[in-house]
Amino acid sequence: MKYKGFAYIHTIGCQMNVYDSEKLAGILNEKGFKRTDTLEKADVVVCNTCSIRHKAEEKAFSFLGRFAKKKKTTPHLITVMAGCVAQQEGKKAFERLPHLDIVLGTQAFSRFGQHIESVKSGQRKLVDIEDSSDIYEAMPDTACFNENQISKFVTIMQGCDNYCTYCVVPYVRGRERSRNPESIVKEIETLVSAGVKEVTLLGQNVNSYGIKEEEISFHKLLEKVNQIKGLERIRFATSHPKDLSMELIYAMRDLEKVCSHLHLPIQSGSDKILKKMNRGYTRENIISQIMALRNECRQISVSTDIIVGFPSETTRDFNDTMDLLAQIEFDSIFAFAYSDRSSAPAAKFPDQVDEEEKMKRLNTLLQQQDHYTEKKNKALVGETVSVLVEGKSLKTRDGFQKGLNKMNQMTGRTESNKIVHFPGNEVQIGDLVDLKIRNAYPHSLWGDPLGAYDK
Ligand code: 5AD
Ligand code: SF4
């Protein structure tokens, strides 16, 4: 037998891709290939791709391009392009990657096992980019479950019907569809029984969960998940400002396992640009939503996504975004330079902003945000926070205090989604630990276990 029985999966992109890669790992495991971190021993190499921005797409081609040579010396190596770029490119992918064996679209996962069998029996250049109204719902495979992981993603819906004009998601992930609540709860129960303490529920727009299917709404789903015994924390992403309901805000306030953090991508602070993006809300809507949120949930942290340099964005529009960031003071942001995607309508919009100007605006925005992030972090100094321990901390700044060495330094995440480094000799991954925050910087927080040094 020429196969050694290992598969290497390289994931690019969002949390949903991380989740999808685990599903692909489950299928490969059933076919006799265990997931490995060692590329050299793999018989199957999968790149789970992202097409949200040009750079991500290029990463996929460059990763898979590396196997052209190896395929000549090891012809039985199975190479797979999966996910969004695969869906977008279809058989065009072979033009740049003639050595690819399988192009597996976002909705073809249920057929991946068959395709692997076909390639093993000699077929090449398989393309499956068929649409599907179903969601691939395999339960977590405990055989390839990394027992160290205490926090897992769970996709509750796929696709998107919002058609923001810059975005490829509706074209590569298909129409929005939600899983039924029973299968979601069952999946989380399976994860919890394997030691998972925290789940992040994923969808492009979780606020519209279940509406099409006339299932329970998202805040009701949260209530159900909140009842799962042994689960400690619930997170979710992403929320769309146009659909954020008061019911969800109340659920965040009242359900004890739902973390006090909301990721609410606003994209821009200019009404003109928001309209051109087809976002369906105004800057006033954002301000009143965040006020309502902060009124109900005192401890809430809020993060966002911003795109700079969208076609026709003037300095004035950009300043509107800067202004809004100053007004809201997000805990953290992800900011991106607008990237032209040929399948999205904005690619054809006039007045594209030049790359240099986009980068200038991006840097200005990020620098400004550093102040707000630092301010929010500094406000935590002296406060007590509860963190879920994620692992050993490799950060050096501020460590080694009071004779502690690096090996004792651990890292955990607060409910508000901030990472804290702390000395923790006796703590285990997965513990919930109360920490007193000692120091804060723009990109890190440092704390001590409660009672450790306060004599
Ligand atoms: N260019 C730049 N950023 C984009 N995003 C989505 N599409 C694009 C694009 N074409 C950003 C949005 C979204 C995040 C996941 O990626 O901010 O919220
Ligand atoms: Fe893309 Fe808009 Fe859908 Fe988000 S809501 S996935 S940005 S189309």
Side-chain angles (χ1 to χ4, degrees), residues 11-20 49-59 83-85 87-88 106 153 155-178 200 202-209 211-212 218 236-244 262-270 273-281 285-286 302-313 318 321 324-325 330 332-349 352-355 357-359 361-362 365-366 369:
T11 307
I12 299 171
C14 66
Q15 298 168 329
M16 205 171 272
N17 271 9
V18 174
Y19 176 84
D20 285 349
T49 61
C50 169
S51 58
I52 200 104
R53 282 170 290 276
H54 178 70
K55 218 192 238 166
E57 201 175 294
E58 281 308 305
K59 272 192 204 159
C84 294
V85 180
Q87 185 71 33
Q88 179 181 284
T106 52
F153 301 125
T155 291
I156 62 166
M157 57 204 296
Q158 278 182 0
C160 184
D161 289 346
N162 287 312
Y163 293 98
C164 301
T165 54
Y166 51 80
C167 185
V168 288
V169 169
Y171 310 97
V172 293
R173 290 231 171 226
R175 299 286 57 72
E176 181 183 291
R177 53 217 183 275
S178 299
T200 305
L202 298 179
Q204 305 297 343
N205 178 9
V206 292
N207 312 114
S208 59
Y209 169 81
I211 294 176
K212 252 190 181 173
F218 183 58
F236 56 88
T238 294
S239 294
H240 193 305
K242 88 178 158 55
D243 297 316
L244 179 69
L262 185 71
H263 185 60
L264 190 71
I266 63 166
Q267 312 298 358
S268 171
S270 151
I273 297 295
L274 286 172
K275 198 150 182 226
K276 291 193 179 203
M277 287 176 161
N278 189 31
R279 290 292 288 174
Y281 54 83
N285 297 147
I286 298 167
V302 193
S303 55
T304 198
D305 292 347
I306 301 283
I307 297 176
V308 299
F310 184 80
S312 83
E313 185 189 72
F318 173 67
T321 302
L324 190 56
L325 289 197
F330 286 101
S332 61
I333 66 167
F334 295 96
F336 311 100
Y338 167 74
S339 168
D340 231 7
R341 311 283 60 217
S342 57
S343 48
K348 298 192 182 64
F349 286 6
Q352 300 275 334
V353 178
D354 78 62
E355 288 304 316
E357 180 61 25
K358 281 185 207 168
M359 295 322 290
R361 289 180 193 174
L362 186 64
L365 188 88
L366 288 171
Q369 178 58 38

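These values consider heavy atoms only, across backbone and side chains, with no hydrogens, waters or symmetry-generated copies. Residue numbers run from 1 in the order of the sequence given. Indexing begins at 1, ligand by ligand and atom by atom, following the structure's order.
Considering NZ of Lys242 and CG of Asn162, their distance stands at 4.0 Å, rounded to 0.5 Å. Atom OH in Tyr281 sits 6.5 Å away from atom CD1 in Ile266 (nearest 0.5 Å). Between atom CG of residue Leu362 and atom CD1 of residue Ile306 there is a gap of 11.0 Å, rounded to the nearest 0.5 Å.
Tested against Leu244, the residues Asn205, Ile286, Leu264 include a single side-chain contact (heavy atoms from CB on, under 4.5 Å) partner, Leu264.
Between the Glu313 side chain and the Ser270 main chain, no donor and acceptor come within less than 3.5 Å of each other.
Within 4.0 Å of ligand 1, protein heavy atoms come from Ile52, Arg53, Tyr166, Gln267, Asp305, Ile307, Phe336, Ala337, Tyr338, Ser339, Arg341.
Considering all non-hydrogen atoms of both residues, Cys160 and Pro170 come closest at O-CB, 3.6 Å.
Between Glu58 and Lys55, none of the side-chain N atoms (NZ, or NE/NH1/NH2) sits under 4.0 Å from a carboxylate O, so this pair counts as no salt bridge. Between Arg341 and Glu57, at least one side-chain N (NZ, or NE/NH1/NH2) sits under 4.0 Å from a carboxylate O, which counts as a salt bridge.
Aromatic rings of Phe336 and Phe310 (six-membered ring for Trp) have centroids beyond the 6.0 Å cut-off, not under it.
Listed by chain and number, Cys164 SG are the protein N/O/S atoms closer than 2.8 Å to atom 2 (Fe) of ligand 2, with waters left out.
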